[in-house]
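All remarks here apply to the structure that follows.
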Amino acid sequence: ALADSAFVGHALAVALCDRFGIEAAYVVPDEGLDEEERFRRVVRGGADWLPSLLAPGDRLGVAWGRTVHDLAEALEPHRIDDVTVLQLVGSMATPYGFTSEACSTLLAQRLGARCMNLHAPAILSGAALAAELRREPIIRAQLDQLAGVNKLLFSVGTAGPDSHIVLSGLASRADLARMTARGAVGVICGRFVDAEGRQIPDPMEQRMIGIPLDRLVGLDMGILVTPGHDKVAATLAAIRGGYVTHLATGATVARALLS
């Protein structure tokens with residue numbers, strides 16, 4: 001049965017690459033599993049795949065969230081010379097019992113990599129305060145480091161009421177309502193995007209501290225991990241927007257993307 005599922009996974013991976021013009025896909029069997037077990041299986045698949053996608057000199061940017069955190073936890077320790085892991089979005093209270101810095105720190109530890117965290121909140125109460133903080137020498141230096149990112153590891157967020165962007169306090173319910181009314185279907189690095197993967201312009205951007213979204217299009221590699229069906233629309237948006245070269249997902253999600 002495993003040989004069959006491996007064959008199915010390979011066929012789905014080829015179909016995803018053909019359909020969406022991405023370089024590679026890693027599809028794990030997830031039929032007949034509950035949502036949590038599917039999530040764990042895709043995350044472990046992503047963790048197994050990641051080291052083969054990295055090379056000496058890489059500067060891997062990570063967006064934080066449960067998927068990336070659990071992938072870091074599932075990663076077997078590897079040693080790849082001269083890799084730097086960079087936190088792309090500032091900090092906030094996460095609903096998951098780990099800090100946003102934990103994602104980048106843990107991933108860096110597992111890869112024997114340097115870690116560059118962003119010592120600032122992801123969003124501030126006003127644009128002037130955010131601008132002032134960006135000018136602080138330590139923050140300025142950290143933001144300048146982000147300019148060198150050549151690979152991205154992320155999971156795209158949803159734009160629903162239980163989205164982690166709302167649960168973490170990065171966006172209010174009012175922000176969410178305003179953004180979905182303007183066509184938001186997903187969240188990439190704390191920014192709302194429409195069905196084509198374009199960032200929805202909003203005054204919120206002026207209050208945020210993190211890498212600008214346009215810096216994440218056309219990198220050497222954009223590695224997207226999509227563990228669940230709730231992220232199908234958001235995943236399609238990320239692919240259309242040019243953020244994705246490599247996709248790790250489950251067979252049932254792959255079929256949903258292809259249908």
Side-chain angles (χ1 to χ4, degrees), residues 1-54 60 62-76 78 96 103 107 110-111 151-160 162-164 185-189 193 195-197 216 219-259:
L2 191 59
D4 290 348
S5 64
F7 176 76
V8 168
H10 177 71
L12 286 168
V14 170
L16 288 169
C17 293
D18 288 350
R19 169 77 64 87
F20 298 115
I22 59 177
E23 288 174 35
Y26 189 101
V27 180
V28 300
D30 65 353
E31 292 85 349
L33 301 176
D34 66 31
E35 199 176 333
E36 185 59 28
E37 189 52 49
R38 263 183 198 154
F39 176 89
R40 282 203 294 271
R41 192 169 282 192
V42 171
V43 161
R44 178 161 295 284
D48 290 345
W49 194 28
L50 179 65
S52 70
L53 302 178
L54 299 176
L60 178 68
V62 297
W64 63 269
R66 186 182 165 214
T67 305
V68 172
H69 180 268
D70 287 11
L71 186 151
E73 282 202 317
L75 193 60
E76 295 293 330
H78 280 75
Y96 306 115
C103 290
L107 195 66
R110 292 284 203 267
L111 295 169
K151 291 181 181 176
L152 166 67
L153 173 67
F154 72 119
S155 188
V156 66
T158 60
D162 55 353
S163 163
H164 101 214
V185 301
V187 178
I188 298 172
C189 285
V193 296
E196 296 304 311
L216 298 176
L219 298 177
D220 294 346
M221 211 176 267
I223 306 157
L224 174 61
V225 184
T226 297
H229 284 264
D230 57 329
K231 297 189 173 196
V232 167
T235 293
L236 290 169
I239 292 170
R240 290 183 193 123
Y243 299 94
V244 185
T245 60
H246 291 62
L247 173 65
T249 194
T252 56
V253 177
R255 288 195 185 94
L257 289 168
L258 290 163
S259 69

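Fair warning: this is a prediction, and the values are worked out from it, not measured in the lab.
Taken to the nearest 0.5 Å, the CG atom of Leu247 stands 5.0 Å off from the CD1 atom of Ile22. Rounded to the nearest 0.5 angstrom, Ser155 OG and Ile223 CD1 are separated by 12.5 Å. Taken from SG in Cys189 to CH2 in Trp64, the straight-line distance is 11.0 Å, to the nearest 0.5 Å. Distance check, rounded to the nearest 0.5 Å: CG of Leu60 to CG of Leu153 gives 5.5 Å.
Here the closest non-hydrogen pair linking Val27 and Leu16 is CG2-CD1, 3.8 Å. The nearest pair of heavy atoms linking Ala25 to Cys17 is N-SG, 3.7 Å. Annotation for Cys103 and Ala72: closest pair O-CB, 4.3 Å, computed over non-hydrogen atoms. The minimum heavy-atom distance between His246 and Leu53, with the atom names listed, is CD2-CD2, 3.7 Å. Of all the heavy atoms in Pro29 and Ala251, the pair that sits closest is CA-CB, 4.4 Å.
Other residues, nucleotides and ligands contribute at most 12 non-hydrogen atoms within 6.0 Å of the CZ atom of Arg44. Summarising the local packing, NE2 of His229 is surrounded by more than 12 heavy atoms from other residues, nucleotides or ligands at distances under 6.0 Å. Annotation for Glu36: atom CD counts as buried by contact number, over 12 foreign heavy atoms lying within 6.0 Å.
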Under the criterion side-chain contact (heavy atoms from CB on, under 4.5 Å), I'd like the reasoning laid out for Leu224 against Phe154: C-alpha separation, chi angles, the key distance, then a yes or no.
CA-CA 5 Å; Leu224 174 61; Phe154 72 119; 3.7 Å; yes
In sequence, state the C-alpha distance, the side-chain angles, and the governing distance for Tyr26 and Asp48, and then conclude on side-chain contact (heavy atoms from CB on, under 4.5 Å).
CA-CA 10 Å; Tyr26 189 101; Asp48 290 345; 4.0 Å; yes
Would Thr67 and Leu71 count as a side-chain contact (heavy atoms from CB on, under 4.5 Å) here? Give the steps.
CA-CA 6 Å; Thr67 305; Leu71 186 151; 5.6 Å; no
So Leu257 and Phe20, side-chain contact (heavy atoms from CB on, under 4.5 Å) or not? Walk me through it.
CA-CA 10 Å; Leu257 289 168; Phe20 298 115; 4.3 Å; yes
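With Arg41 contributing its side chain and Gly250 its backbone, the two residues share no donor-acceptor pair below 3.5 Å. Of the possible donor and acceptor atoms, none in the side chain of Thr249 sits under 3.5 Å from a partner among the backbone N and O of Ala254. Between the side chain of Thr245 and the backbone N or O of Gly222, at least one donor-acceptor pair lies under 3.5 Å.
A 4.5 Å side-chain heavy-atom check between Val253 and Val42 finds every atom pair outside the cut-off. In this structure, Arg110 and His78 have side chains that are not in contact, with every pair of non-hydrogen atoms separated by 4.5 Å or more. Pro51 is listed as a side-chain neighbour of Leu75, based on a closest heavy-atom distance under 4.5 Å. Using a 4.5 Å cut-off on side-chain heavy atoms (C-beta onward), Leu219 and Lys151 make no contact.
Taking 4.0 Å as the cut-off between side-chain N and carboxylate O, Glu35 and Arg38 do not count as a salt-bridged pair.
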Donor-acceptor pairs are to be reported for all side-chain atoms of residues 232-239 against protein atoms at under 3.5 Å, with residues two or more places apart or in another chain.
unit_1, atom_1, unit_2, atom_2, d
Thr235, OG1, Thr226, OG1, 2.8
Thr235, OG1, Lys231, O, 2.8

